[in-house]
Number of protein chains: 2
Amino acid sequence: MNKTEPILVLVVDDEPVALAAHADYVRRMDGFEVAATAGGMGAALAVMNDPAIPRIQLILLDMNLTDGHGLDLLRRIHGLGLVPDVVAITAVQEIQVVRSAIALGITAYLIKPFTFAAFREKLENYQNYHALLTERSVTTQDAIDRALSTLRPSGKLQLPKGMLSETLGTVSDWLRSAPNPASAMEVATGLAISRVTARRYLDHLAETGSAVKAPRHGSPGRPELEYRWLR
Amino acid sequence: MNKTEPILVLVVDDEPVALAAHADYVRRMDGFEVAATAGGMGAALAVMNDPAIPRIQLILLDMNLTDGHGLDLLRRIHGLGLVPDVVAITAVQEIQVVRSAIALGITAYLIKPFTFAAFREKLENYQNYHALLTERSVTTQDAIDRALSTLRPSGKLQLPKGMLSETLGTVSDWLRSAPNPASAMEVATGLAISRVTARRYLDHLAETGSAVKAPRHGSPGRPELEYRWLR
DNA sequence: ACTGTTGCGTTCATATTGGTCGTAAGAAGG
DNA sequence: CCTTCTTACGACCAATATGAACGCAACAGT
């Protein structure tokens, strides 16, 4: 596993205070790097067109810019033949704007004001999505679906019936601190819980995109699924 | 619950057989209506521009059109100021196209060939998403996240009995990155799996058209079949 | 041309694990 | 104190990779 290159980010906001704050949030995240900032539509287009600036992969985009609308900026960028991913960060709550933004390809929509936790969740989701789709050069339906699953919000604000947030935290912590990917049985014995329970929580982590599962081959018998913590 | 108006769909494909088939699939779904069909980029743009045709809300879009690329068509439509939702339906499996399509706002990506069940799942997901975002005129972060989460693919993939999607992905990756065509034995030793398992998955790849197998002659012993990844 | 050798394709039984159903223990509410 | 809902456990059935055994196709030597 080679070291992954950071995701280059362009932050766009016409309010200097918000611009600095968002850029700072990005710098606090591992795997991301602020490649440039822009205070408006013109500046953003200049950055995207500048050959001296390396390829931007993600844009944090405010909708209400002084010299235009964020969605127009996005259309202009698309018109240049560029297809960066975009996280919309705005105070606009009109459904029409939200629908249009989603139709134009934003990967997340963050309504201001927001906490760093909310911000981090969106960017981590994008990070997982990005990792899943850059591994290979050709893909399958299954891989696309899994990548999209990690990208869309998991709605984990409300965890499924039959699960306790405390137990979920315990399992998450154990898996995160595990040096190697672990099977359901290993987690179960390590935490002194039953295999079924461990598997149920591990599966939830896999579905929400916090972990990935892969079969472990080489020994006879049905392959056991090992779970690996992401990030 | 008042009766909801049907979602108007435009189907785009340059193959008349596929075009008719996809349109027929749409007609079999409740809540959807085929507003028009188009056999190419020009025809699709004409439909979108025609004031006599009511507002299209969803496009089933093929990528490989005779007179252009599907992604270009999507950019052109955006350039008209229209923001329809799009489901990509294509045989293209290149990661670059998939990434671009997602960045340009497609709500689902269906790789041909597909079953009606897979098709229905994508459209039903979109239907739920559409219903959630047309209820109100102003929304909240929570409502947006819930709407986006309905667009998450369920991830259930129909595979032949006796096969695991994760293992299939592993074998596909190995074969794809192999410089030369590989035999079942070479794949088995390279992935630390048994020869039988490797051969079963390789055979599946050959049957689905992702790979071809050819006998390798010249050495004593029964000729071994070598598998080569297809673009 | 015939036959032996060689190595792989193929089949089958087996070893383990995954997934699901019913049930018990514990907490919350009346 | 009793009822009810929730969560974890135990045991069953189903599923998947493995290894060995069998058969076949091409090469090589006689």
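Look at OH on Tyr227(B): it is 13 Å from P on dC8(C), rounded to the nearest Å. Glu226(A) places its CD atom 14 Å from the P atom of dA17(D), with the value rounded to the nearest Å. The separation between Leu202(B) atom CG and dT10(C) atom P is 12 Å, rounded to whole Å. In this structure, CG of Leu225(A) is placed 13 Å from C1' of dT16(C), rounded to the nearest angstrom. We find that CZ of Arg216(A) is positioned 13 Å from P of dT18(D), with the value rounded to whole Å. Rounded to whole angstrom, the span from the NE2 atom of His217(B) across to the C1' atom of dC8(C) amounts to 12 Å. For the pair Arg199(B) CZ and dG19(D) C1', the interatomic distance rounds to 15 Å; values are reported in whole Å.
Two residues are said to be in side-chain contact when any heavy atoms from C-beta on lie closer than 4.5 Å; Val212(B) and Trp229(B) fail this criterion.
Geometric assessment of Arg120(A) against the ring of Tyr25(A) yields a negative cation-pi assignment under the 6.0 Å and 45° thresholds. Geometrically, Arg28(A) engages Phe116(A) in a cation-pi contact, judged by NZ or CZ lying under 6.0 Å from the ring centre and within 45° of the ring axis.
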### Query
For Leu74(A) and Val86(A), what are the C-alpha separation, side-chain angles and deciding distance, and is it a side chain to side chain contact (heavy atoms under 4.5 Å, CB included)?
CA-CA 9 Å; Leu74(A) 184 51; Val86(A) 176; 3.6 Å; yes
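A donor-acceptor contact closer than 3.5 angstrom links the side chains of Asp203(B) and Tyr227(B). Using modelled atom types, one finds no donor on one side chain facing an acceptor on the other under 3.5 Å when comparing Thr167(B) with Thr170(B).
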Collect all protein-nucleotide pairs involving nucleotides 7-9 of chain D in which both atoms are nitrogen or oxygen and the distance is under 3.5 Å.
| residue | atom | partner | partner atom | Å |
| --- | --- | --- | --- | --- |
| dT7(D) | OP1 | Met163(A) | O | 3.3 |
| dT7(D) | OP2 | Gly162(A) | N | 2.8 |
| dA8(D) | OP1 | Thr167(A) | OG1 | 2.6 |
| dA8(D) | OP2 | Tyr201(A) | OH | 2.7 |
| dC9(D) | OP2 | Ser194(A) | N | 2.9 |
| dC9(D) | OP2 | Ser194(A) | OG | 3.2 |
| dC9(D) | OP2 | Thr197(A) | OG1 | 2.9 |

Look for any protein N or O under 3.5 Å of an N or O in nucleotides 2-7 of chain C and output each such pair with its distance, or none.
none

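Considering CG of Leu60(B) and OG1 of Thr90(B), their distance stands at 12.5 Å, rounded to 0.5 Å.
With salt bridges taken as basic N to acidic carboxylate O contacts below 4.0 Å, one links Asp173(A) and Arg176(A).
Partner of Glu226(A) under the salt bridge (Lys or Arg N to Asp or Glu O under 4.0 Å) criterion, chosen from Arg216(A), Arg199(A), Lys213(A): Arg216(A).
Near DNA chain C, meaning a heavy atom under 4.0 Å from it, residues 168-189 of chain A has no residue at all.
Note: Phe114(B) and His22(B) meet the aromatic proximity criterion, with ring centroids under 6.0 Å apart.
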